[in-house]
Participant: 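Submitted below is the structure of interest, expressed as structure tokens.
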Amino acid sequence: MSSAVANVPTAHASKYLQQLCKHWQHNLAVEFTPDHGTVAFPKDARGATWAGDALVTFDAGPDALSVRIDASSAEHVEAMKGVVARHLDRFAFREAPLAFDWQAA
């Protein structure tokens, strides 16, 4: 299991959290409130062959969106960083590209 965390500075953290979760809830297991959300990505999503599922957790604060990725390997975490950043930048197009300060957790 590998993990990474990032704090993404934005005044619209709750808005982006809800947009991301609503977007992914159409085909993934998602739970969310305005301040907290989790998205489970199956190990075989989009033809992937990861050893396990990945879980992305979002927490919205007044000045930042906190993102945590728990995945099956370091390579899986790297792939999920890209997935999260691309989607978040798409919803935050007025602010994009957002700053992700990824750190190992």
Side-chain angles (χ1 to χ4, degrees):
M1 176 71 77
S2 294
S3 302
V5 295
N7 284 311
V8 183
T10 178
H12 307 287
S14 179
K15 173 184 170 185
Y16 298 149
L17 178 159
Q18 293 177 71
Q19 286 179 314
L20 284 168
C21 289
K22 287 177 182 175
H23 171 75
W24 278 321
Q25 76 178 1
H26 296 292
N27 54 4
L28 299 171
V30 175
E31 295 180 8
F32 71 98
T33 66
D35 299 324
H36 178 81
T38 59
V39 182
F41 291 82
K43 62 184 179 184
D44 59 353
R46 296 188 176 252
T49 57
W50 300 110
D53 297 343
L55 181 67
V56 179
T57 304
F58 300 101
D59 286 294
D63 301 323
L65 179 63
S66 172
V67 183
R68 178 182 178 92
I69 297 172
D70 296 299
S72 60
S73 66
E75 294 79 14
H76 196 180
V77 168
E78 288 301 315
M80 292 308 303
K81 286 179 184 177
V83 169
V84 170
R86 282 191 305 275
H87 280 80
L88 188 51
D89 277 344
R90 188 179 314 154
F91 287 112
F93 64 93
R94 288 186 176 89
E95 296 183 68
L98 295 171
F100 290 82
D101 63 345
W102 292 112
Q103 299 175 22

Participant: Is the closest side-chain heavy-atom distance between Phe58 and Phe32 below 4.5 Å?
Facilitator: no
Participant: Rounded at 0.5 Å granularity, tell me how far CD in Gln18 sits from NE2 in His12.
Facilitator: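 Going from the CD atom of Gln18 to the NE2 atom of His12 covers 13.5 Å.
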Participant: Please report the closest heavy-atom contact between Ser3 and Arg68, naming both atoms and the distance.
Facilitator: OG-NH2, 3.5 Å
Participant: Could you report the tightest heavy-atom contact between Pro42 and Leu28, atom names first, then the distance?
Facilitator: CD-CD2, 3.5 Å
Participant: Considering only heavy atoms from C-beta outward, does the side chain of Glu75 approach that of Glu78 to under 4.5 Å?
Facilitator: no
Participant: Under a single-linkage definition using a 4.5 Å side-chain heavy-atom cutoff for Ile, Leu, Val, Met, Phe, Trp and Tyr, are Met80 and Trp50 assigned to the same hydrophobic cluster?
Facilitator: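 Per the 4.5 Å side-chain linkage, Met80 and Trp50 are not co-clustered.
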Participant: I'd like to check His36 versus Thr57 (side-chain heavy atoms, cut-off strictly below 4.5 Å). Are they in contact?
Facilitator: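 Contact flag for His36/Thr57 side chains = yes.
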Participant: Nearest 0.5 Å please: distance from the CG atom of Asp70 over to the OG1 atom of Thr38.
Facilitator: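 One gets 11.0 Å once the value is rounded to the nearest 0.5 Å.
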Participant: Determine the minimum heavy-atom distance between Cys21 and Gly37, stating which atoms define it.
Facilitator: SG-CA, 4.2 Å
Participant: Looking only at non-hydrogen atoms, find the nearest pair between Ala71 and Met1 and report the distance.
Facilitator: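 Heavy-atom minimum between the residues: O-SD, 3.1 Å.
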Participant: Assigning hydrophobic clusters by single linkage (Ile, Leu, Val, Met, Phe, Trp, Tyr; side-chain heavy-atom cutoff under 4.5 Å), is Val83 placed with Phe91?
Facilitator: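 Yes; tracing contacts between hydrophobic side chains, which count when under 4.5 Å, links both residues.
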Participant: Would you confirm whether Asp53, through its side chain, and Lys43, through its main-chain N or O, come within 3.5 Å as a donor-acceptor pair?
Facilitator: yes
Participant: Let me confirm one number: the OG-CD distance from Ser14 to Gln19, rounded to the nearest 0.5 Å.
Facilitator: 10.0 Å
Participant: Which heavy atom of Ala13 sits nearest to which heavy atom of Ala64, and what is that distance?
Facilitator: CB-O, 3.3 Å
Participant: Less than 4.5 Å apart, side chain to side chain, heavy atoms only: is that true for Ile69 and Ser2?
Facilitator: no
Participant: With rounding to the nearest 0.5 Å, note down the distance linking CZ in Phe93 to CG in Leu98.
Facilitator: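 Rounded to the nearest 0.5 Å, the CZ-CG separation comes out at 12.0 Å.
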Participant: Can you tell if the side chain of Leu88 reaches within under 4.5 Å of the side chain of Phe100, non-hydrogen atoms only?
Facilitator: yes
Participant: If I take atom CD from residue Glu95 and atom OH from residue Tyr16, how far apart are they, to the nearest 0.5 angstrom?
Facilitator: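 Interatomic distance, Glu95 CD to Tyr16 OH, rounded to 0.5 Å: 3.5 Å.
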Participant: Within a 6.0 Å radius of atom CD on Glu31, are there more than 12 heavy atoms belonging to other residues, nucleotides or ligands?
Facilitator: no
Participant: Tell me whether the rings of His87 and His23 are parallel (<30°), tilted (30 to 60°) or perpendicular (>60°).
Facilitator: tilted
Participant: Out of curiosity, does Leu55 fall in the hydrophobic cluster containing Val84 (side-chain heavy atoms, cut-off under 4.5 Å, transitive links)?
Facilitator: no
Participant: Using the side-chain contact (heavy atoms from CB on, under 4.5 Å) definition, which of the options Val77, Val67, Asn7 pairs with Trp102?
Facilitator: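 So, applying the side-chain contact (heavy atoms from CB on, under 4.5 Å) to Trp102 and each of Val77, Val67, Asn7, only Val67 qualifies.
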Participant: How long is the straight-line distance from CD of Gln25 back to CG of Leu20, given to the nearest 0.5 Å?
Facilitator: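 Between atom CG of Leu20 and atom CD of Gln25 there are 11.5 Å.
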Participant: Can you see which heavy atom on Leu17 is nearest to which on Thr33, and at what distance?
Facilitator: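 Heavy atoms only, the tightest pair is CD2-O, 3.3 Å.
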Participant: With the side chain counted from C-beta on, respond yes when Ser66 and Val5 share a heavy-atom pair under 4.5 Å apart, and no when they do not.
Facilitator: no
